[in-house]
Amino acid sequence: MVALLLCSALVFLLAALAHAESVIVPGAAWTDTYGNVIQAHGGGILKVGNTYYWHGEDKTTNSAEFRAVSCYSSTDLVNWERNADALTPQSGTMISTSNIVERPKVLYNSNNKEYVMWFHSDSSNYGAAMVGVAIASSPCGPYSYKGSWQPLGAQSRDMGVFQDDDGTAYLLYASDNNQNFKISRMDSNYYNVTTQVNVLNGATLEAPGIVKRNGAYYLFASHTSGWAPNPNKWFRASSLSGNWTSQEDIAPENTRTYYSQNNFDLPLGSNAIYMGDRWRPSLLGSSRYIWLPLSWSSGSPQLVWVDVWSVNLAAGTYSAASGTTYEAESGTLGGNATILSDSSYSGGKAVGYLGNGGTVTFDNVQGNGKGQWVSLYYGNGDSSYRNVTVSVNGGAAALVDQPDTGGGHVILSVPVKLNLKSGSNTITLGSGQSNYAGDLDKIIVYNVG
Ligand SMILES: *[C@@H]1O[C@H](CO)[C@@H](O)[C@H](O)[C@H]1NC(C)=O
Ligand SMILES: *[C@@H]1O[C@H](CO)[C@@H](O)[C@H](O)[C@H]1NC(C)=O
Ligand SMILES: *[C@@H]1O[C@H](CO)[C@@H](O)[C@H](O)[C@H]1NC(C)=O
Ligand SMILES: *[C@@H]1O[C@H](CO)[C@@H](O)[C@H](O)[C@H]1NC(C)=O
């Protein structure tokens, strides 16, 4: 009996371990511990003890209109369990299923021992331009809705919050038809704002987050281009009332922040984690998360593109997984696939005209037999997504989305998890598809899955 119990405990443990993820893979379809795609867009992270809570927009229906503010929890930022929804629709209010509830952010108010959620509250045509507030006695709620209004009588659309070391909290928001970006101080309950402390006139900023580092405030924000990505910026000031330094890019400008929009910035040791959304307006629930290290190693905050990476929360550090690169031009071309030359490609070359009969095959790709992440580096100069088929050892093909890269010579990467056998494998891209795939620069096969 004891042996049987031990045995089933072991089976359970092994099953749990088999499911556990160890790495962050920007742009992949992240799943929760139940295997469902994580629906927590435009969200925020709250740490309570050793647990991280991720509140975000559930876009399961692909509609922009309100369905729920979800609540996920994790102790490692990688394995997320979905809890009961934090905030759900209430008919006849500004949080009904025909309203907008975006960018939920939760603060803990230690005076009241209360969790306070702020969000962008709007009508379906974004004409109301308000903030909403809801409160709860536990991180996932359920939250009770207090109301929606225009803070200090002015519009508020994309917003974030910031809690300073002394417990004072601030609302960060795009106001006045998204022209002016404002920072206003909250009251001691975090129920309302009382004082505007700063305005960046004409800044046209959205999607803000603030990180405090060595006594300085760093503001991160995008510009305003709807759901489409743009080069996100950083600013520094010694006080939240300014003056802010002039804007600088957080990533190479032509990558449009690696096709993402800032959402939340979480301190990690002497660095931070940039948490961005890769919005996909035609299929909102398939919008992906782009989380990347935000490193100050150059003296100013810059995103570090890493296909596959991990965090060490205790040490406050991150590390990139290592992988093996296979250049597309070294593969075997089939059909009308052809070599393209441009200095933006690694090795100066890529393979174009994949799809519609054009293929590239990589032989002798070394696998570990455990499931591995593979990143496809490509250019897609269209104004919409392409996709590419990937098959291993002649097996069934996976279809991988390739967002437009903002020009054919801008290279981005998308991940796909492949089951390579231990030893040598053959990987073919572009077969069996009647549309053109992105131009393939290279693939990198990581040792982790
Ligand atoms: C928020 O504060 C403003 C005054 O600054 C006040 O007019 C407004 O009624 C308050 N809103 C709520 C919901 O308390
Ligand atoms: C901020 O900038 C304004 C305009 O350039 C200037 O008048 C003001 O003195 C500056 N404030 C500080 C604290 O540097
Ligand atoms: C391949 O290219 C040739 C020459 O441009 C063209 O006639 C043919 O239709 C192409 N084949 C496919 C499958 O696109
Ligand atoms: C694949 O991409 C093409 C555009 O290149 C698109 O028309 C097609 O719908 C996509 N297929 C899927 C299944 O998303």
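Everything numeric here is computed off the predicted structure, so don't read it as measured data. Whatever order the structure lists ligands and atoms in, that order sets their numbers, starting from 1. Values reported hereafter were calculated over all heavy atoms of this structure, with side chains retained and with hydrogens, waters and symmetry mates removed.
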Worksheet item: Can you check whether Arg386 has an N/O within less than 3.5 Å of an N/O in ligand 4?
Response: no

Discussion item. Suppose we measure from atom 1 (C) of ligand 3 to each protein heavy atom; which comes out shortest, and what is that distance?
Written reply: Asn336 ND2, 1.5 Å

Worksheet item: About how many Å separate CZ of Phe162 and CD1 of Ile183, when rounded to the nearest 0.5 Å?
Response: 9.5 Å

Worksheet, complete the sentence: Note: ligand 4 atoms sitting under 4.0 Å from heavy atoms of Leu399 are 12 (C), 13 (C)

Discussion item. Below 4.0 Å, non-hydrogen atoms only: which portion of Tyr191 touches ligand 1? Side chain, backbone, both or neither.
Written reply: neither

Worksheet item: Would Asp187 and Asn192 count as a side-chain hydrogen bond (donor to acceptor under 3.5 Å, both in side chains) if you check the C-alpha gap in whole Å, the side-chain angles of each, and the deciding distance to 0.1 Å?
Response: CA-CA 6 Å; Asp187 62 26; Asn192 198 349; 5.4 Å; no

Practice prompt. Measure the CG-OG1 distance between Leu333 and Thr359 for me, rounded to the nearest 0.5 Å.
Written response: 7.5 Å

Worksheet entry | Lys/Arg N to Asp/Glu carboxylate O, Asp58 vs Arg82, below 4.0 Å | yes

Fill in: Rounded distance (nearest 0.5 Å) linking atom CG of Asn198 with atom CG of Asn180
11.0 Å

Discussion item. Considering Asn189, Asn192, Thr195 one by one, which has a heavy atom nearer to atom 11 (N) of ligand 1 than any of the others?
Written reply: Asn192

Worksheet item: Do NZ/NE/NH1/NH2 and the carboxylate oxygens of Arg256 and Asp404 come within less than 4.0 Å?
Response: yes

Discussion item. Tell me whether Asp401 has any N or O atom under 3.5 angstrom from an N or O of ligand 4.
Written reply: no

Discussion item. For Arg280, is there an ion pair with Asp401 - N to carboxylate O distance below 4.0 angstrom?
Written reply: yes

Worksheet item: What do you think, any protein heavy atom under 4.0 angstrom from atom 4 (C) of ligand 3?
Response: no

Worksheet item: atom 7 (O) of ligand 4: protein heavy atom closer than 4.0 Å?
Response: no

Fill in: Ligand-residue contact atoms, ligand 3 with Asn356, heavy atoms, under 4.0 Å
12 (C), 13 (C), 14 (O)

Worksheet entry | Leu152 neighbourhood, listing ligand 1 atoms whose heavy-atom distance to it stays under 4.0 Å | 5 (O)

Worksheet item: Does Thr194 have a heavy atom less than 4.0 Å from any atom of ligand 1?
Response: no

Worksheet item: Does the ring center of Trp234 lie less than 6.0 Å from the ring center of Tyr274?
Response: no

Worksheet item: Less than 4.0 Å between atom 14 (O) of ligand 4 and some protein heavy atom, yes or no?
Response: yes

Worksheet item: Taking non-hydrogen atoms only, is Asp382 closer than 4.0 angstrom to ligand 4 via side chain, backbone, both or neither?
Response: neither

Fill in: Presence of salt bridge, Asp176 and Lys182, under 4.0 angstrom
yes

Practice prompt. Using modelled atom types only, decide if a donor and an acceptor are shared between the side chain of Gln39 and the backbone of Gly285 within a distance under 3.5 Å.
Written response: yes

Worksheet item: Short list, please: which atoms of ligand 4 are under 4.0 Å from a heavy atom of Tyr385?
Response: 4 (C), 5 (O)

Worksheet item: Of the protein's non-hydrogen atoms, which lies at the shortest distance from atom 10 (C) of ligand 4, and what is that distance?
Response: Asn387 ND2, 2.4 Å

